[in-house]
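Quick notes on the structure that follows.
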Amino acid sequence: MVRRISAVLFDLDGTLLDIDVEGFFPDYFARLRRFVAPHVPGDEFLPQLLRSTTAMIASRDPSLTNQEVFLEDFFAGLAVPREKLMPLFDAFYRDEFPALARHARPAEGARSAVEWALGSGRRAVVATAPVFPRTAIMERLGWARLGDLPFAFVTTYENMHFCKPHPEYYAGIAGHLGCPAEECLMVGNDVEEDLPAQDVGMATFLAGPAVIHRGRRPAKPDYRGVLADLSRVLGEMPRLT
Ligand SMILES: [Mg+2]
């Protein structure tokens with residue numbers, strides 16, 4: 001089916017950003033744990049962080065942002081006052097998080113794909129798992145050398161009410177853009193996380209080479225290829241007027 005696409009949504013990790021998750025996550029957790037160590041015992045902090053992250057990803061309460069779900073769960077489980085820890089979190093993401101750049105580099109073809117989408121008159125969106133504060137997501141966008149591009153919307157834990165793989169996450173993006181889901185093309189590398197965009201009517205492009213498929217959902221995107229193929233796919237669609 002040939003359709004009119006007015007917005008292109010890009011996943012970040014494994015799609016626009018080539019990230020070594022096996023290096024990134026242990027380093028991230030170790031640095032964060034060290035950062036808060038004077039205030040929270042390390043053996044309580046990490047398990048609570050993981051529990052609250054799981055709660056945030058699972059939540060389907062439309063009245064709460066991901067940040068609200070996370071913080072409520074997190075501080076209910078720890079004996080440390082929120083006023084004490086929050087400034088520390090802010091300082092961590094501002095001052096320490098950037099050191100994690102060593103685990104990431106721009107994915108091949110990432111910048112040209114986004115520039116091509118923008119140049120064709122479409123809006124571009126960063127549709128990354130909204131489990132981080134905006135500071136951290138903008139920093140990671142910088143690691144992909146894309147921080148200067150005029151994205152119409154970037155999903156963060158402050159501005160979203162759902163996480164991937166819930167279809168409501170994708171519906172939320174279309175809502176923010178004020179356009180029908182059918183006019184959106186989701187570009188991502190993860191079958192289970194990115195293809196549920198189909199469930200709300202979006203078109204999908206499964207982007208290699210770092211495709212992740214755990215087998216819980218059939219890999220049936222509308223398109224597949226590497227980022228360099230995106231211009232051909234979009235080029236074959238009706239031009240926007
Ligand atoms: Mg990904």
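Whatever order the structure lists ligands and atoms in, that order sets their numbers, starting from 1. No hydrogens, no waters, no symmetry mates; every other heavy atom, side chains included, goes into these values. Here the structure is a predicted model, which means the values were calculated and not measured.
- None of the N, O or S atoms belonging to T128 lies under 2.8 Å away from the Mg ion (ligand 1).
- Less than 6.0 angstrom separates the ring centroid of F132 from the ring centroid of Y28.
- Between the Mg ion (ligand 1) and the N, O or S atoms of D13, the shortest distance is to O.
- No side-chain N or O of D61 forms a donor-acceptor pair with one of S59 less than 3.5 Å apart.
- Between F45 and F89, the ring planes lie tilted relative to each other; the angle falls in the 30° to 60° range.
- Within D11, OD2 is the N, O or S atom that lies nearest to the Mg ion (ligand 1).
- Between F162 and Y170, a ring centre-to-centre spacing not shorter than 6.0 Å is recorded.
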